[in-house]
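Below: one structure, written as structure tokens.
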Amino acid sequence: MDSSPLFTRAQRVLPGGVTAAARANPALGQPFYVARAEGPFVFAADGRRYVDLCMSNGATLLGHGHPNIVAAVRRAADFGFACGHDGEPQVRLAERLVEQIPAFEQVRFTSSGTEATFYALRVARAATGRTGVLKFEGHFHGFNDALAFSFWPGLGEAGPPDAPHTHAETAGLPPDTAAQVVVAPFNDATVFRRLLDRHGDHLAAVILEPINYDSGAILPDPTFLATVREETARRGIVLIFDEILSGYRTGPSGAQGYLGVTPDLATLGKALGGGVPLSAFGGRRELMDLVAPRGPAVHTGTYNAHLIPILAAHAFLDTISEVRFYERLLGSHERLYCGLRVAFAAAGLPVRVQGVGARFGLYFGLDPERAITTYRDAASIDKVMQHAFCREMDTRGVYVAPAWHHGLCAMHTDELVDQVADLAERSARAVAAYAAPAGG
Ligand SMILES: Cc1ncc(COP(=O)(O)O)c(C=O)c1O
């Protein structure tokens, strides 16, 4: 894709020519500007059609412009969408989520995931009277000040693997914010217990991605997750599952339903809104009772539970409850994972394809057979190879973001999945050819 004229214009009025840092696209050297999208396809600013493996960073799980979502958005327009009021659709959506998500006894809506994790932490602080939070390296929770640490630290600045540094991911944080954040390695129960022994009395919350898609697709070890649940309960620390990304990837009850572990609070987002901005936080009644006006922890906002995303979320939930929805969605992902493994092997490019349900990581330069279980494993990927692959796929009409996670939508057909695998093999061969030493 070449969108240079638009990039030139954009850079005059938008920092870096983008409206979000993650849209910069270092693989292409310019943002991937999109003119329109349809089902499993995005159309670039120059009109070229791409098979989309990004799917709005996971927000459009049904597909771009899915007819059910579009109809819901139109209905909201018919109702005149007065902001700043609640009505039956908001109440009913809360009822549906409370029925579906194990942790939810009560729920509140926000627009972005960044807000949802921020408010979940506020509730945990109100509940415990403590301020500290323990998070895991490689887990992303949005860029709110309280949690903007150790998402993806470079290995040179991350500290020892069993005692990671609290690494600020942005400038502009108040200096005392870092002192509230303890960083732990994922899947290490021994270090987790040690950190709780040392910091537990100050911790309001432990927050984690129950499936760590923001470092590819890393499952928790069941014993580790059980330890996290037991130890937080024993010490009166609020356990928050950040399901902004993991929600709806494995089934309708979130990763918590899939893994059989229920946190005290959880967040949801992305897929829930069907591509329209909607997130949520919720949990046990006695915690949510602390939310104003019932309690002292204020959560409010003009755009909270706006009718457009609320009706879109109803349409999303209706659609995923159709017969065989998950069977088909998970089946097409498994088909892609197999196809990609065969493709990389045939091309002789070392890439680990690791997927859980409807989202997956591509670990370039790593042993295809070796499971990735921690951020430190994931962080040693070969980014030069990753970017080269993204570029090769771009020239063949497939959009692969230089990102940690990728996925299909419900509108990618088996035929399209097979085409993607075939184009991945050709792209991987091209990368392997110019990665090989001259004459080799
Ligand atoms: C696990 C997780 N939490 C929070 C966020 C932040 O959500 P948003 O981008 O809607 O602010 C993301 C976004 O990628 C996420 O993956």
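Each ligand, and each atom within it, is numbered from 1 in the order the structure gives.
At least one heavy atom of Asp214 sits closer than 4.0 Å to an atom of ligand 1.
At a threshold of 4.0 Å, the pair Asp162-Arg376 does not count as salt-bridged, since none of the basic side-chain nitrogens sits closer than that to a carboxylate oxygen. With salt bridges taken as basic N to acidic carboxylate O contacts below 4.0 Å, none links Arg193 and Asp188.
Closest to atom 10 (O) of ligand 1, if we only count protein heavy atoms, is Gly113 N, 2.8 Å. Considering only non-hydrogen protein atoms, atom 11 (O) of ligand 1 sits nearest to Thr114 OG1, 2.5 Å. Atom 1 (C) of ligand 1 has its closest protein heavy atom at Phe140 O, 3.1 Å.
At least one N or O atom of Asp242 sits closer than 3.5 Å to an N or O atom of ligand 1. Here's the thing with Lys270: one of its N/O atoms is less than 3.5 angstrom from an N/O atom of ligand 1. The N/O atoms of Glu209, backbone and side chain alike, include none that comes under 3.5 Å of an N/O atom in ligand 1.
The contact set between ligand 1 and His141, taken as ligand atoms under 4.0 Å from a residue heavy atom, comprises 3 (N), 4 (C). Close approach of ligand 1 to Leu245 (heavy-atom distance below 4.0 Å) involves ligand atoms 16 (O).
Nearest heavy-atom pair across Asp52 and Ser56 is OD2-N, 4.3 Å. In terms of heavy atoms, Gly17 sits closest to Pro31 at O-CG, 4.2 Å.
Using bins of under 30°, 30° to 60° and over 60° for the plane-to-plane angle, the ring pair Phe281/His299 lands in the perpendicular bin. Ring planes of Trp404 and Tyr363: tilted class, angle from 30 to 60°. Using cut-offs of 30° and 60° on the angle between ring planes, the pair Phe136 and Phe224 is perpendicular.
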